Protein chains: 2
Amino acid sequence: MAYDLNKFFKAISDPNRVKIMELLKDKELNVSEICQHFDMQQPSVSHHLSVLKNADIVAHTKRGKEVYYRLDSICITSCCNGFQEQFVEIEKLGKAGKAQ
Amino acid sequence: MAYDLNKFFKAISDPNRVKIMELLKDKELNVSEICQHFDMQQPSVSHHLSVLKNADIVAHTKRGKEVYYRLDSICITSCCNGFQEQFVEIEKLGKAGKAQ
DNA sequence: TTTATACATAGGAATGTATCTATATATTAA
DNA sequence: TTAATATATAGATACATTCCTATGTATAAA
């Protein structure tokens with residue numbers, strides 16, 4: 001799978017989308033469930049989900065009337081690692097800790 | 001150092017800024033030298049450098065009339081790794097290869 | 001088949017961003 | 001001190017993004 005790094009980073013450059021990703025960290029949620037955690041209207045949440053989907057950060061499955069979204073962690077690690085490798089020598093990678 | 005992840009990802013969401021980062025990969029360059037690689041005018045390059053500087057992605061040193069910019073690879077690895085760790089279990093990290 | 005529910009899409013207003021030209025500031029050379 | 005060079009800042013314009021309301025589409029329930 002060839003991820004579009006620019007699309008990926010644009011997608012994660014919005015705090016509301018990052019919050020959606022956090023909600024989906026270890027569970028699937030449908031759109032209504034995601035909406036409950038925001039002040040935004042449902043169409044705005046749908047828009048953010050489509051940006052995440054378009055960047056391959058989330059996948060979705062329709063079950064009945066509901067559409068369930070889940071995180072694609074391969075995309076996240078692949079894009080983050082791939083970007084680092086463009087700029088930092090391999091032997092230096094993985095040494096820097098989490099941003100505090 | 002507490003990096004601002006949102007600021008970091010917004011900064012790297014622009015192709016021209018990523019290209020500047022590539023130019024600075026293993027050498028310092030001053031603004032005029034960076035400008036030679038772009039069609040943009042010098043003030044636009046200066047603007048992009050200030051966005052990168054503001055996100056702690058580059059540092060700069062003035063020598064005489066010139067201002068030399070260099071990449072801060074610690075910022076890059078710290079932000080990329082820190083972001084991954086928000087969403088992916090530690091034991092799964094570093095397994096996914098470079099985006100092709 | 002009609003109605004209700006879940007979600008997506010369309011279109012518009014407000015705001016943010018990238019680029020340009022013009023100009024200010026700092027440093028060096030004459 | 002005056003002129004030239006390197007870079008940054010200011011202001012304007014074009015375009016992109018976010019959010020809203022209104023509405024379309026698919027599925028399930030009555």
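Within every chain, numbering begins at 1; the chains are lettered A, B, ... in the order of the sequence lines, protein sequences first and strands thereafter. Since this is a predicted model, take the numbers as computed values, not measurements.
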query: Any side-chain heavy atom of B:Lys27 within less than 4.5 Å of one from B:Tyr68?
result: no
message: Rounded to whole Å, please give me the gap between NE2 in B:His60 and C1' in D:dT7.
response: 11 Å
query: Which is true for A:Lys10 with a 4.0 Å heavy-atom rule: it touches a base, it touches only sugar-phosphate, or it touches nothing?
result: sugar-phosphate
query: To the side chain of A:Lys62, which of C:dT19, C:dC7, D:dA26 is closest?
result: D:dA26
message: Side chain of B:Pro43 only, heavy atoms from C-beta on: which candidate in C:dA6, C:dT21, D:dA22 is closest?
response: C:dT21
query: A:Asn30 CG to D:dA28 P: how many Å, rounded?
result: 14 Å
message: Using the side-chain heavy atoms of B:Gln41, tell me which of these nucleotides is nearest: D:dT21, C:dC20, C:dA6.
response: C:dC20
task: For A:Lys7 and D:dT17, give me the distance from atom NZ to atom C1', rounded to whole Å.
output: 16 Å
query: Which nucleotide sits closest to the side chain of B:Lys65: D:dT18, C:dC7, D:dA6?
result: D:dA6
Value in whole Å for how far the C1' atom of D:dT7 lies from NZ of B:Lys53: 10 Å
field: A:Lys19 to A:Phe38 six-membered ring, cation-pi geometry met (6.0 Å, 45°)
entry: yes
message: Rounded to whole Å, how long is the line connecting atom CG of A:Leu52 with atom P of D:dT18?
response: 11 Å
- request: Map B:Ser32 and A:Asp14 onto DNA chain D by nearest heavy atom, then report which one ends up closer to the 5' terminus.
  value: B:Ser32
- prompt: Counting any heavy atom closer than 4.0 Å, what does B:Arg63 reach on the DNA or RNA strands: base, sugar-phosphate only, or nothing?
  reply: nothing
message: Quick check: A:Phe9 with A:Phe83 (ring centres under 6.0 Å apart)?
response: yes
message: Could you tell me how far apart B:His47 (NE2) and C:dA18 (P) are, to the nearest whole angstrom?
response: 5 Å
query: Does C:dA8 have OP1 or OP2 sitting under 4.0 Å from an N or O in the side chain of A:Tyr69?
result: yes
query: How about A:Ser32 and A:Asn30: do any of their side-chain heavy atoms sit closer than 4.5 Å?
result: yes
field: Interatomic distance where CD1 belongs to B:Ile20 and C1' belongs to C:dT19 [whole Å]
entry: 13 Å
message: Whether B:Ser44 contacts C:dC20 is assessed here as follows: a side-chain N or O lying under 4.0 Å from the phosphate OP1 or OP2. Is that the case?
response: yes
field: Presence of donor-acceptor pair under 3.5 Å, side chain of A:Gln42 and base of C:dA8
entry: yes
query: Atom CG of B:Asn16 to atom P of C:dA18: distance rounded to whole Å?
result: 9 Å
- prompt: Backbone N or O of B:Lys10 within a donor-acceptor pair of the B:Arg17 side chain at under 3.5 Å?
  reply: yes
